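For reference, the structure is listed below as structure tokens.
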Amino acid sequence: QVQLVESGGGLVQAGGSLRLSCAASGRTFSSYAMGWFRQAPGKERTVVAAISWSSGRTYMANYVDSVKGRFTISRDNAKNTVYLQMNSLKPEDTAVYYCAAARGLSGTYYITRGSYDYWGQGTQVTVSS
């Protein structure tokens, strides 16, 4: 069982930055692939970024096209935490952001909701124009 708690959301002006954190419970965090999803009002929950777990030191990551070059996903296994650094924020980034954990193969990231086994409660990000 993995419990996930997001933090770091808030209100920011367009062009600003936020860093989301997702703290995970459990001893096996390092062997879960992690993902950040977002859901805007009236829209589906979709992937923003995903990162694999690794038996070595190399992680694979993937981003939705709309955030490439602006967002960075990273993980600190010693702290059981995954991060989403968001720069150059736009009003269309406004959403509730969720982190999720997936069992899977080393070196593999997952971009579909159904691949994930555990979800956090979400944190609101609002970008004003």
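Since the structure is predicted, the reported quantities are computational estimates derived from the model, not experimental observations.
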Side-chain contact test, heavy atoms from C-beta onward, threshold under 4.5 Å: evaluate it for Tyr109 versus Asn62 and give yes or no.
yes
If you draw the axis of the six-membered ring of Tyr98, does the NZ or CZ of Arg45 fall within 45° of it and under 6.0 Å from the ring centre?
yes
Hydrophobic cluster membership, with links at side-chain heavy-atom distances under 4.5 Å among I/L/V/M/F/W/Y: are Ile111 and Val82 in one?
no
From CA spacing to verdict: side-chain contact (heavy atoms from CB on, under 4.5 Å), Tyr97, Glu6
CA-CA 8 Å; Tyr97 283 70; Glu6 302 96 335; over 6 Å; no
Would you say the side chain of Val47 lies within less than 4.5 Å of the side chain of Thr112, judging by non-hydrogen atoms?
no
Side chains of Tyr110 and Tyr116 in contact at under 4.5 Å (non-hydrogen atoms):
yes
Side chains of Phe29 and Met34 in contact at under 4.5 Å (non-hydrogen atoms)
yes
Verdict with supporting geometry, Asp93 and Lys90, salt bridge (charged side-chain N to carboxylate O under 4.0 Å, His left out)
CA-CA 5 Å; Asp93 295 317; Lys90 304 176 180 180; over 6 Å; no
Leu20 and its side chain to side chain contact (heavy atoms under 4.5 Å, CB included) partner, picked from Trp36, Tyr83, Phe71
Trp36
What's the separation between atom CD in Glu92 and atom CZ in Arg38, rounded to the nearest 0.5 Å?
8.0 Å
Find the distance between CH2 (Trp53) and OG (Ser30) and round it off to the nearest 0.5 Å.
7.5 Å
Nearest-0.5 Å distance that lies between atom CD in Gln3 and atom CD in Gln121:
9.5 Å
To the nearest 0.5 Å, what is the distance between OG1 (Thr72) and CE (Met86)?
11.0 Å
Can you measure from CG (Leu84) to CZ (Arg75) and round to the nearest 0.5 angstrom?
14.0 Å
If I take atom CG from residue Asn77 and atom OG from residue Ser54, how far apart are they, to the nearest 0.5 angstrom?
9.0 Å
Exceeds 12 heavy-atom contacts within 6.0 angstrom, atom OH of Tyr32
yes
Going by heavy atoms in the side chains, are Gln85 and Ser74 under 4.5 Å from each other?
no
Could you point out which residue of Thr126, Val67, Thr94, Val127 forms a side chain to side chain contact (heavy atoms under 4.5 Å, CB included) with Leu89?
Val127
